[in-house]
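Data block below; observations after.
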Amino acid sequence: MRSHYCGQLNETLVDQTVTLCGWVHRRRDHGGVIFLDLRDRDGVAQVVVDPDTAEAFANADRARSEYVLRIEGRVRLRPEGTQNPNMPTGMIEVLAKQVEVLNTAATPPFQLDEHGKVGEEVRLKHRYIDLRRPEMLDKLRLRSRISHSVRAFLEGEGFLDIETPVLTRATPEGARDYLVPSRTHAGSFFALPQSPQLFKQLLMVAGFDRYYQIAKCFRDEDLRADRQPEFTQIDIEASFVEEADIMGVTESMIRSLLKDVLGVELGNFPRMTWHEAMQRFGSDKPDLRIPLELVDVDDLMKDVDFKVFSGPANADDGRVAALKVTGGASLSRKEIDEYTKFVGIYGARGLAWIKVNERAKGIEGLQSPIVKFMEDVIETLLDRVDAKDGDIIFFGADKARIVNEALGALRVRIGEDLDLYTSEWSPLWVVDFPMFEADDNGRLSPLHHPFTSPSCSPEELKANPAEALSRAYDMVLNGTELGGGSIRIHDQAMQKVVFEILGIAEDEAREKFGFLLDALQYGAPPHGGLAFGLDRLVMLMTGARTIREVIAFPKTQSAACLMTDAPGEVSADQLKDLNIRLRQKVKTEDSE
């Protein structure tokens, strides 16, 4: 029905007849001449309709915003003084010969160029309108290019695109499963995959050697800006590899991707241990563009007459750390109070601070309600953090986990607020993760998943599991975890030890992972892999603030689809087929 897309028109087509199809982006009536901005997925073209073409003029006259039109006309240069060099089609216009109304449109719930004035709920409710915005078209077009570039690279490296099941069985992988009741097996349930983890390992046992998949994954967990209940992974696995092999090929893939799609040449990918990342930045995905670091001061605070500091400094699981902000003494008390509320989100009970106004004056040159408690150590403290006049020092004192989370988040928040970024792109590999993490009761759970290989022998692992490191690695870009992976456990003996440490009895292991354990006894090769979050990657590469902006039909923070009203109720007949009976809520006097 068309000869060209609107965005393809330029001066080389002057005097040619073209046929365009699209939506009315804007309509203007200038003294009897109608101007239509016609929009399609490639751009906007200006169409001029003269009253000389009576039928075309009449159709253009009744066209309104978002009407669907088909226009035939001649391309011509815009008159002098009306050209728009900032617009791809701004040098030309189309003089219409025919205007055909293919469909009318109700008044849209919001104007595309005024979307910022409406809430996200309205835009998600009418997502098919929101997706017409050029910004959204550009993001999803870039997403398509990213997927294409990834596929081309991996195919060139010998990886095979293999699909894995979406209906599988529930396995404990960290988050809650989405369950699907089975009609044919009463009382039994499928689970939607949190990842293709077990199946890609089975593909390695089967001898496919190099696998990849752009896979849908599902996790029933609390949402945030970079999480959705259903998301997309670039899933990669290979056999007869070590950490350097997987890290090398995936680093090359990300380098190739950013150069191909954005023209960006990434610099070095430094490697940092998990322990160093937590000590220096309070996070295992630090944004290295922000030149702020945490500094340990536990040893200085053990004997101070300030229990808020001395308590954690002397506790086995405590930490006292300082975060110096160069030039931060200019922060107002109101801003400091806002930061205090912010760290409270992460469990911090307060935010101590010292402003360094004139260091040469000693205590008199410092501004803080806590200085009087640490006169004996203040000079050593200022030296350790390299404090200068005009700086502010923030402190975290609590359990190490709380201090890391609170000051790590504060570091990022201050970096954003004060625009401290030193570069546009900053990649990083984080390695040597702990094999396990302990909850408040001392019970161990896998930091990644129970199929991650430790970097020690089964005997060493069993003797000291809390100190064991794993053969895991994460790629971080601009403070976002792009992807994580590991070398997997490929022998039954090691897998058995890991299950024992996690408190998974042999019969439970057989019930939940029997098919994997069976496979491991038939010559499983050494193997490992990595999975990238495609949505997060697209978010970073488009400059979007949330992954909802780069998913065509996302869910809300409450895991609902406003457009389709999902999740929704189902009929009694459907429930009967599935052998499911819903528990009825019983009204009480208090609830009435």
Side-chain angles (χ1 to χ4, degrees), residues 150-151 153-165 168-169 171-173 193-215 217 233-253 429 431-433 435 446-462 468-475 483-502 504 506 509-510 512-532:
V150 164
R151 290 183 187 279
F153 178 89
L154 292 174
E155 293 282 351
E157 292 290 324
F159 286 82
L160 303 178
D161 183 2
I162 305 174
E163 294 180 354
T164 54
T168 181
R169 69 168 294 141
T171 55
E173 292 185 44
Q194 295 185 31
S195 77
Q197 180 64 46
L198 300 183
F199 288 102
K200 65 184 179 184
Q201 289 191 246
L202 293 175
L203 286 170
M204 297 303 102
V205 177
F208 282 92
D209 196 72
R210 291 192 166 203
Y211 140 96
Y212 85 95
Q213 182 183 187
I214 297 183
C217 304
Q233 274 187 189
I234 304 169
D235 206 43
I236 299 169
E237 196 83 4
S239 296
F240 304 106
V241 293
E242 296 183 339
E243 294 92 323
D245 301 309
I246 295 293
M247 293 167 70
V249 73
T250 52
E251 180 178 317
S252 295
M253 185 188 81
W429 281 109
V431 298
D432 292 343
F433 284 81
M435 183 70 185
L447 190 65
H448 283 83
H449 54 67
F451 316 109
T452 298
S453 179
S455 57
C456 59
S457 68
E459 294 74 24
E460 291 170 322
L461 179 66
K462 202 168 185 177
L469 299 180
S470 69
R471 299 179 68 182
Y473 35 81
D474 280 2
M475 183 187 290
S486 66
I487 299 301
R488 322 302 186 187
I489 297 172
H490 70 279
D491 66 274
Q492 283 187 306
M494 178 67 83
Q495 190 67 74
K496 183 178 179 181
V497 170
V498 170
F499 283 159
E500 287 176 0
I501 292 170
L502 296 175
I504 301 175
E506 187 171 348
R510 293 297 314 174
K512 294 178 177 177
F513 309 109
F515 59 97
L516 177 65
L517 298 178
D518 287 342
L520 292 181
Q521 67 181 330
Y522 291 108
H527 61 281
L530 187 148
F532 288 101

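Keep in mind the model is a prediction, meaning the values are calculated, not measured.
- Rounding to the nearest 0.5 angstrom, the gap separating the NZ atom in Lys462 from the OG atom in Ser457 is 11.5 Å.
- Between Ile489 and Leu520, the shortest heavy-atom distance links the atoms O-CD2, 4.1 Å.
- Under the salt bridge (charged side-chain N to carboxylate O under 4.0 Å, His left out) criterion, Glu251 pairs with Arg255, not counting sequence neighbours.
- In this structure, a donor-acceptor pair under 3.5 Å is present between the side chains of Tyr211 and Asp235.
- Closest non-hydrogen pair, Leu461 versus Pro454, comes out as CD2-CG, 3.8 Å.
- Between the side chains of Thr164 and Gln213, at least one donor N or O sits under 3.5 Å from an acceptor N or O.
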Give the table of side-chain donor-acceptor pairs shorter than 3.5 Å for residues 154-162, with sequence neighbours excluded, one pair per line with atom names and distance.
from   : atom 1 : to     : atom 2 : distance (Å)
Glu155 : OE2    : Tyr212 : OH     : 2.9
Asp161 : OD2    : Arg151 : NH1    : 2.9

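- Atom CG of Leu530 and atom OG1 of Thr250 lie 5.0 Å apart (nearest 0.5 Å).
- The side-chain hydrogen bond (donor to acceptor under 3.5 Å, both in side chains) test applied to Asp491 returns no partner, not counting sequence neighbours.
- Phe240 has its ring centre no less than 6.0 Å from the ring centre of His527.
- Heavy-atom neighbours of Glu163 CD from other residues, nucleotides or ligands within 6.0 Å: at or below the threshold of 12.
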>> Before you tell me yes or no, could you show the steps for Phe451 and Gln201 under side chain to side chain contact (heavy atoms under 4.5 Å, CB included), namely the whole-Å CA-CA distance, both residues' side-chain angles and the distance that decides it to 0.1 Å?
In response: CA-CA 10 Å; Phe451 316 109; Gln201 289 191 246; 3.4 Å; yes
>> Please determine whether side chain to side chain contact (heavy atoms under 4.5 Å, CB included) holds for the pair Leu517 and Phe499, giving the CA-CA distance in whole Å, both sets of side-chain angles, and the decisive distance to 0.1 Å.
In response: CA-CA 11 Å; Leu517 298 178; Phe499 283 159; 3.9 Å; yes
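- Minimum interatomic distance between Ala472 and Thr452 (heavy atoms only, all atoms of both residues): CB-CG2, 4.3 Å.
- Between Arg210 and Glu237 there is no salt bridge, since no side-chain nitrogen of the basic residue lies less than 4.0 Å from a carboxylate oxygen of the acidic one.
- Residues passing the side-chain hydrogen bond (donor to acceptor under 3.5 Å, both in side chains) test with Arg510 are Asp518, sequence neighbours excluded.
- In this structure, the side chain of Tyr522 does not engage the main chain of Val205 through any donor-acceptor pair within 3.5 Å.
- Thr168 places no side-chain N or O within donor-acceptor distance of the main-chain N or O of Pro165, the cut-off being under 3.5 Å.
- Checking side-chain atoms of Ser195 against main-chain N and O of Gln197 turns up a donor-acceptor pair under 3.5 Å.
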> Ile487 and Tyr473: side chain to side chain contact (heavy atoms under 4.5 Å, CB included), yes or no, with the steps?
Replying inline: CA-CA 9 Å; Ile487 299 301; Tyr473 35 81; 4.2 Å; yes
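- The heavy-atom pair separating Pro450 from Gln495 by the smallest distance is O-NE2, 2.9 Å.
- Considering OG of Ser486 and CD1 of Ile246, their distance stands at 9.5 Å, rounded to 0.5 Å.
- Partners of Glu506 according to the salt bridge (charged side-chain N to carboxylate O under 4.0 Å, His left out) rule, which considers only residues two or more places apart in sequence or in another chain, do not exist here.
- The side-chain hydrogen bond (donor to acceptor under 3.5 Å, both in side chains) check on Gln492 picks up nothing, with sequence neighbours excluded.
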